[in-house]
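We count ligands from 1, going down the list as the structure has it; atoms in each ligand are counted the same way. Everything numeric in this text was worked out from a predicted model, so none of it was measured.
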Amino acid sequence: MSTELTRHPPAVDKVLAWPGMQALIDCHGRTLLLMALRAGLQQWRQGDFNDDTSLLAWVQADVQRRQAPSLKPVFNLTGTVLHTNLGRAPLPPEAIKAMSEVASGASNLEYDLGSGQRGDRDSHVERWICELTGAEAATVVNNNAAAVLLVLNSLANRRQVIVSRGELIEIGGSFRLPDVMARANCKLHEVGTTNRTHAHDFANAVNKSTALLLKAHTSNYAIQGFAQQVSEQELAAIAHQHNLPLVVDLGSGSLIDMTSLGLPAEPVVANVLAKGVDVVTFSADKLLGGPQAGIIAGRADLIDKIRKNPLKRALRCDKLTLAALSAVLRLYANPDTLVLRIPTLRLLTRTQDEIRQTAHALLTDLRLWAGPDFVVDTWDAHSQIGSGSLPLDRLPSVALRLRSTDGNKRRQSRQLRDLAARLRQLEQPVIGRIANDSLLLDCRCVEDHLPLASQWQHTKPTATGNAP
Ligand SMILES: *Cc1c(COP(=O)(O)O)cnc(C)c1O
């Protein structure tokens with residue numbers, strides 16, 4: 001036995017000469033195969049196996065693992081519809097078709113077919129943005145953080161930007177307004193207090209070095225109680241009196257009135273511009289339901305200045321994004337079919353009864369998959385819009401709830417974490433959330449239960465530890 005275990009692994013050259021190896025090299029390439037083989041021999045040395053058949057099987061499996069893309073679809077059962085870590089808005093088929101049409105060949109991305117001259121990539125979306133927001137002009141960049149950076153650097157380089165202390169926002173992770181402002185080479189001029197800022201705070205702060213007034217939509221928190229903000233109208237009046245622009249970072253922003261869909265109110269871009277705001281910025285992959293991009297819309301002379309900033313070249317969108325964004329904007333032309341055709345809006349407006357039906361359709365398969373260690377039932381949960389829409393506003397939903405049958409609290413919580421890990425290791429990973437001693441799988445974002453159910457049907461309940 002011990003001689004078996006210490007058997008030396010074969011030499012690389014020997015293994016490469018094995019029957020079947022050449023076929024693997026032809027199929028996957030020599031580099032990849034060598035990487036897998038070296039890793040396999042290392043496993044052998046560590047004592048994980050000590051025979052040729054096991055080595056071959058391990059190498060084949062490893063080649064598959066290395067070939068598999070690391071970026072792949074998952075099931076978002078977190079209950080957060082616009083989940084930044086899970087890629088935010090799902091795109092409508094119209095956008096996917098538009099992307100694939102321009103992906104494989106040449107397109108008129110920056111080419112004016114009328115004149116045969118160089119064109120502007122913004123032209124594919126600008127007219128629609130203006131139509132839908134009432135803006136004079138618009139431009140697009142990689143995301144809303146880039147939009148804020150570009151606007152500030154274009155309009156306030158080395159000058160002061162006045163902001164209320166109640167609006168010095170941080171948005172998930174690395175977007176912090178004061179930091180972005182520093183990188184945009186602007187001087188932050190804070191006014192007011194955390195809970196209350198008045199119009200006269202802004203009016204008194206304007207000086208020769210002021211470049212613009214900035215308002216940021218406090219999207220991921222709310223200051224309640226003894227609180228006071230300055231409205232866009234008041235800010236616009238102060239800004240224009242001094243011949244300065246008023247810029248508003250809307251974050252999500254919406255092209256339509258969310259309350260008409262029974263959803264929490266979110267600023268409507270057209271209404272904000274109508275209040276005298278000169279430039280707004282907002283994300284294309286939040287409530288708009290499009291691809292990742294940042295939209296800048298407003299006064300033509302300011303947009304022109306923004307577009308001429310060399311940073312625009314560094315922050316611009318690619319043709320796939322523009323194709324997708326243009327397709328989504330064109331869907332907004334018909335408000336009557338909008339909710340059906342934009343997946344984000346469709347998911348946000350699903351009723352609790354619809355979601356309950358989905359949950360019930362999944363219950364049996366999940367129960368069988370999870371095995372006897374768990375009690376599975378449905379649970380009235382609350383979904384969130386996500387991506388900075390008010391965390392206070394919650395949408396009635398239904399989740400599949402898994403609880404451990406173990407009496408011991410510590411083992412219970414371990415079992416739940418293991419179960420969550422098993423769900424993440426499925427072919428299409430399932431992402432839920434652990435809360436109140438249970439694992440919750442919110443069904444709001446599951447429109448078709450079959451792909452999810454079939455995954456549970458085709459993996460054994462005792463799959464623990466089987467994952468690569
Ligand atoms: C989300 C958000 C941002 C950042 O937008 P990205 O598209 O994620 O870059 C900036 N400001 C506000 C107010 C936001 O809500």
Side-chain angles (χ1 to χ4, degrees), residues 80-91 125 129 138-153 156 161 163-184 186 188 212-223 229-230 232 235 246-255 258 263-269 272-273 277 279-298 306 311-312 314-318 320-322 324-325 328-329 344 348 384-393:
T80 300
V81 177
L82 293 169
H83 198 300
T84 299
N85 305 141
L86 301 183
R88 289 197 189 152
L91 291 176
V125 291
I129 297 170
T139 182
V140 231
V141 285
N142 190 44
N143 52 33
N144 187 38
V148 174
L149 177 75
L150 182 64
V151 169
L152 290 174
N153 181 259
V161 173
V163 192
S164 159
R165 289 199 170 90
E167 296 174 0
L168 292 172
I169 54 173
E170 170 174 319
I171 306 291
S174 50
F175 183 94
R176 300 177 116 193
L177 199 52
D179 299 345
V180 173
M181 218 172 268
R183 291 294 169 146
C186 308
L188 171 60
L212 58 88
L213 309 193
L214 179 69
K215 187 172 175 63
H217 182 52
T218 56
S219 42
N220 54 1
Y221 65 96
I223 296 174
Q229 287 187 15
V230 190
E232 283 90 349
L235 285 175
L246 169 62
V247 174
V248 177
D249 171 17
L250 285 174
S252 199
S254 173
L255 296 179
M258 288 289 145
L263 292 168
E266 189 69 31
V268 179
V269 180
V272 174
L273 285 169
V277 175
V279 172
V280 292
T281 71
F282 55 103
S283 295
D285 57 348
K286 291 185 181 173
L287 283 175
L288 196 146
Q292 180 191 302
I295 299 177
I296 304 169
I306 290 164
L311 268 182
K312 167 68 169 48
L315 302 173
R316 72 188 187 183
C317 299
D318 74 325
L320 302 183
T321 302
L322 289 166
L325 181 57
V328 171
L329 291 172
T344 298
L348 287 174
Q384 297 191 21
I385 296 176
S387 274
S389 288
L390 271 190
L392 312 176
D393 289 311

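Looking at every heavy atom in both residues, L235 comes nearest to L213 through O-CD1, 3.7 Å. The two residues P291 and L325 come nearest to each other via the heavy atoms CG-N, 3.6 Å. In terms of heavy atoms, G289 sits closest to L91 at O-CD2, 4.1 Å.
Residue A145 has at least one heavy-atom neighbour below 4.0 Å for each of these atoms of ligand 1: 4 (C), 5 (O), 6 (P), 9 (O). Shown in contact with R88 at under 4.0 Å from a heavy atom are these atoms of ligand 1, numbered in order with element: 6 (P), 7 (O), 8 (O). Atoms of ligand 1 lying under 4.0 Å from any heavy atom of K286, numbered from 1 in the order shown and given with element: 1 (C), 2 (C), 3 (C), 5 (O), 14 (C), 15 (O). Atom numbering of ligand 1 starts at 1 in the shown order; those under 4.0 Å from a heavy atom of H217 are 13 (C). Atoms of ligand 1 found under 4.0 Å from any heavy atom of S283, numbered from 1 in the order shown, are 5 (O), 6 (P), 7 (O).
Considering only heavy atoms from C-beta on, M181 comes within 4.5 Å of V161 through its side chain.
Checked by atom type and distance alone, the side chain of N142 never pairs as donor or acceptor with a backbone atom of A293 at under 3.5 Å.
E167 does not count as a contact of ligand 1, since none of its heavy atoms falls under 4.0 Å from the ligand. Residue contacts with ligand 1: D249 is included, with a non-hydrogen atom under 4.0 Å away. No heavy atom of Q292 sits closer than 4.0 Å to any atom of ligand 1.
Counting protein heavy atoms only, atom 10 (C) of ligand 1 is closest to N144 ND2, 3.1 Å.
Between K215 and E167, at least one side-chain nitrogen of the basic residue sits less than 4.0 Å from a carboxylate oxygen of the acidic one, meeting the salt-bridge criterion.
Heavy atoms of I169 found under 4.0 angstrom from ligand 1 belong exclusively to the side chain.
Side-chain polar atoms of Q384 and H83 form no donor-acceptor pair below 3.5 angstrom.
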